[in-house]
K.L.:
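Sharing a structure with you now.
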Amino acid sequence: MTIKGRARVFGDDINTDYIITSRRKRESLDPQYLRAYLFEELDPNFAATIQPGDLIVAGKNFGCGSAMEVAVTAVRGAGIEAILARTFSRTYYRNAVNNGLYPLICDTSLIHEGDRIFITQDITQDGGLLIANETTGEIVRGEPIPSTLLPILTAGGLVPHFRLKLTRR
Amino acid sequence: MRVRPALPSLNVPDQTISEKILSAKSAENTRAGDVVTCKIAVAMGTDGCIPMAIDYFEAMGGEQVFAPEKIFFALDHYAPAPSQKTAELHRRIRDFAARQGVRVWEIGDGIGNRLMVESGRVLPGALAVGADSHAVTYGALNAFATGIGSSDLAAAMITGEIWLRVPESIKIALNGELAPGVFAKDVALALARQLRADGANYQALEFCGPGIASFEIDDRLVLANLSVEMGAKNGIFPADEKTFAYLGKKFEPVEPDANAIYAREISLDLARIEPQIALPHKVDQVVDVAEAAGTPVQSGLSRDLYWRPRSRFPPGSRHSQVRRRTRARRTTRHHAASRSVLETLTADGTLTDFIQMGAVIVTPGGGSCCGACGEIPGDGVNVISTANRNFKGRMGNSSASIYLASPASCAAAAVTGKIADPRAL
């Protein structure tokens, strides 16, 4: 696994309503529609600046609040492959894994807006993550992705994983 | 984190309630940290999550749900449907449910999570999941109940199973009795104040202690409901006579072992808890109501107040006494949590009181709490609500501010037009 991109930095306790408001999802569930309104409660101009390959970087408890899955699919729909946070809310974490969006746990305090981030797995040790900040030269270690979840993520989410399991039966 | 003994204890039972239930449902002897696949007793979805769940269900190759009688759909977020698009979502849900034989709780029946509790299908020891973060509410009935997303609901509808990481538990001991004018919501907010928004992340809140005996099931629902606002995977109560009376039958309760291992223990002296209020825009930004007293609510622009008692007010109860002494001269919005709550409020005269006080009675459901339907507050408006989230923009306008408090504190604000200590009324 290798992921690289530009850091887009948020703070602590970013709830799912801040990621995408409940009122938008009643207009459409299409990620390509919703992506235009990502994080609008925090900054109405933010969504227009997202580029495919951007990474979301946050503090603790990312994705708290409602379990609504559009808060994951809209992020994925914007071309974002991974979210780095100190901790995730459990419903967001599950939904992310189920949609092939990598929820990566690490110390994010040294990452700044716009930093170039390069993420690999440390296969020499515990499979933990190596998060290299190419802008500052700092490297931090992240928690390994639990082995039970890796197959879902590498399959691209629960749907392909599930279909794969069904055909194997 | 759970502290494991240096050597595994030999046949000394040491499980929490959550560990016991997940052991039973996975047929494995589990401990916190284990990842297990469990059989579910029931699953609930709301109109906020089901349309996506149907998409996932079909994409996964799902044909039949594993057991239609174990699945419940609730049309409670868009109740009534505020737009053509949401009406279409409802049509899709009804069509799918009719094909699959799944029960649909219709517009006006109430909040799905409340209806699950009322249904009698969530019993002590059960594992229940809901595609709604507040599915944790059913933990009040000694069940393991947790919130999931649409994709997990789809997989659960196909297989009848879900994988779960067995949570560590935080033991919350409730001691003593609440002072007059203080309610379960104040206890829940006091807990959020102490644990903060992520203080129980991935963990279970296991309530215990002699203080529980004085809590009605409706009070326990309030505490279990708010456990997710502290990040908890589930909030769970023991079962007692009140549980059995509510369910109309005695069941085998699930109790923790005497040597159960907890991540931490918090003891609350109920008598010392003051009325609490969560300030905008965080559920864990909690102060004593007295500290926020005087803040105008819905100042100037409109005279509306949101008053959403989630629980019934039994005649003669403390709620009822507060209510009868209040004669609000301004409009409130009142959502009963369900049709049966509305029936109770009608039968005992409460609804007449509310209407005479100028309350607007709104369709039972949860939509206005998250701006999904119903009235959107105006710019700069302060809303006081008995709901469970006050994020910026939560009710549909990011220029409004939401305060969360007990029904009594909301009543006090309705009477005075500002945040006020209900005990002063």
Side-chain angles (χ1 to χ4, degrees), chain A residues 12-19 21-31 40-42 44 59-73 85-100 146-149 152 157-167, chain B residues 35 48-49 51-53 55-56 59-62 77-78 81-83 85-86 89 130-135 146-155 158-159 163 165 167 196-198 201-203 228-229 231-233 281-284 367 369-373 376 389 391-394 396 398:
Chain A
D12 294 336
D13 299 323
I14 301 297
N15 63 66
T16 50
D17 283 79
Y18 290 173
I19 299 170
T21 71
S22 295
R23 66 179 183 278
R24 292 294 177 194
K25 89 173 172 186
R26 74 181 193 195
E27 293 160 17
S28 172
L29 296 171
D30 180 359
E40 68 176 317
E41 291 293 355
L42 301 174
K60 65 182 176 66
N61 205 23
F62 186 83
C64 58
S66 162
M68 58 176 165
E69 204 146 331
V70 284
V72 166
T73 55
R86 262 171 61 207
T87 57
F88 288 88
S89 141
R90 58 165 287 279
T91 41
Y92 196 88
Y93 190 89
R94 283 188 86 103
N95 287 341
V97 170
N98 285 356
N99 289 280
S147 57
T148 44
L149 305 185
I152 305 176
L158 195 60
V159 168
H161 176 70
F162 200 87
R163 293 196 75 107
L164 212 62
K165 256 178 40 178
L166 281 182
T167 48
Chain B
V35 176
C49 284
M52 280 180 85
D55 289 341
Y56 285 112
M60 286 171 185
H77 279 56
Y78 309 121
S83 64
K85 290 212 165 103
T86 46
L89 295 178
D132 187 283
S133 58
H134 289 113
T146 193
I148 55 174
S150 300
S151 52
D152 274 326
L153 177 64
I158 296 171
T159 63
W163 68 263
R165 183 182 165 279
R196 306 309 302 264
D198 67 339
N201 215 349
Y202 306 113
Q203 296 176 319
V228 73
E229 307 311 328
K233 182 173 211 149
H281 304 283
K282 288 186 154 193
V283 184
D284 63 350
C369 153
C370 54
C373 68
I376 308 295
R389 291 201 175 119
F391 306 148
K392 191 179 169 203
R394 174 77 179 167
S398 44

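This one's a predicted model, so the numbers in the text were calculated from it and none came from an experiment. Just so we're on the same page: letters track the sequence lines, and every chain starts at 1.
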K.L.:
State the NZ-SG distance between B:K282 and A:C64, to the nearest 0.5 angstrom.
P.N.:
8.0 Å
K.L.:
NZ of A:K165 to CE of B:M60: how many Å apart, nearest 0.5 Å?
P.N.:
10.0 Å
K.L.:
As an exercise: rank A:K60, A:M68, A:H161 by heavy-atom pairs under 4.5 Å with chain B and give me the winner.
P.N.:
A:K60
K.L.:
So which of B:G231, B:G61, B:A197, B:A53 has the biggest tally of heavy-atom pairs under 4.5 Å with chain A?
P.N.:
B:A197
K.L.:
Which value, rounded to the nearest 0.5 Å, describes the distance between B:M52 atom CE and A:N99 atom CG?
P.N.:
6.5 Å
K.L.:
Less than 4.5 Å to any heavy atom of chain B: does that hold for the side chain of A:T16, its backbone, both, or neither?
P.N.:
neither
K.L.:
Hey, which of A:R163, A:E27, A:R23 has the most heavy atom pairs under 4.5 Å with chain B?
P.N.:
A:R163
K.L.:
For chain B, which candidate among A:N15, A:D13, A:T148, A:L158 shows the most heavy-atom pairs at distances under 4.5 Å?
P.N.:
A:N15
K.L.:
If every non-hydrogen atom of B:R394 is compared with every non-hydrogen atom of A:S22, which pair is closest and at what distance?
P.N.:
NH1-OG, 4.5 Å
K.L.:
So which of B:S151, B:A232, B:A154 has the biggest tally of heavy-atom pairs under 4.5 Å with chain A?
P.N.:
B:S151
K.L.:
Pick from A:L29, A:L42, A:V72: which one has the most heavy-atom pairs with chain B under 4.5 Å?
P.N.:
A:L29
K.L.:
Could you tell me which portion of B:D152 (side chain, backbone, both or neither) has an atom closer than 4.5 angstrom to a non-hydrogen atom of chain A?
P.N.:
both
K.L.:
For the CD1 atom of B:I148 and the CD atom of A:E69, what is their distance to the nearest 0.5 Å?
P.N.:
9.5 Å
K.L.:
Donor-acceptor pair, distance only, cut-off 3.5 Å: does the side chain of B:N201 make one with the backbone of A:F88?
P.N.:
yes
K.L.:
If I compare all heavy atoms of B:W163 with all of A:R94, which pair ends up nearest, and what's the gap?
P.N.:
O-NH2, 2.8 Å
K.L.:
Would you mind checking which part of B:F391 comes under 4.5 Å of any heavy atom in chain A, side chain (CB onward), backbone (N, CA, C, O), both or neither?
P.N.:
both
K.L.:
Rounded to the nearest 0.5 Å, what's the gap from OG1 on B:T159 to CZ on A:F162? Could you check?
P.N.:
5.5 Å
K.L.:
Between the side chain of B:D198 and the main-chain N/O of A:T87, is any donor-acceptor distance below 3.5 Å?
P.N.:
no
K.L.:
Do you see a donor-acceptor pair shorter than 3.5 Å between the side chains of A:R90 and B:T146?
P.N.:
yes
K.L.:
Main chain of B:K392, side chain of A:Y18: is a donor-acceptor contact present, judged purely on distance under 3.5 Å?
P.N.:
yes
K.L.:
Heavy-atom distances under 4.5 Å only: say whether A:Y93 touches chain B with side chain, backbone, both or neither.
P.N.:
side chain
K.L.:
Heavy-atom pairs under 4.5 Å with chain A: which of B:P51, B:C49, B:A135, B:G396 has the most?
P.N.:
B:G396
K.L.:
Do A:N98 and B:Y56 pass the side-chain contact (heavy atoms from CB on, under 4.5 Å) test, and can you show the C-alpha distance, the side-chain angles, and the key distance before you say yes or no?
P.N.:
CA-CA 10 Å; A:N98 285 356; B:Y56 285 112; over 6 Å; no
K.L.:
Does any heavy atom of chain B fall under 4.5 Å from the side chain of A:E40, the backbone, both, or neither of them?
P.N.:
neither
K.L.:
Under 4.5 Å from any heavy atom of chain B, what part of A:T91 do you find: side chain, backbone, both or neither?
P.N.:
side chain
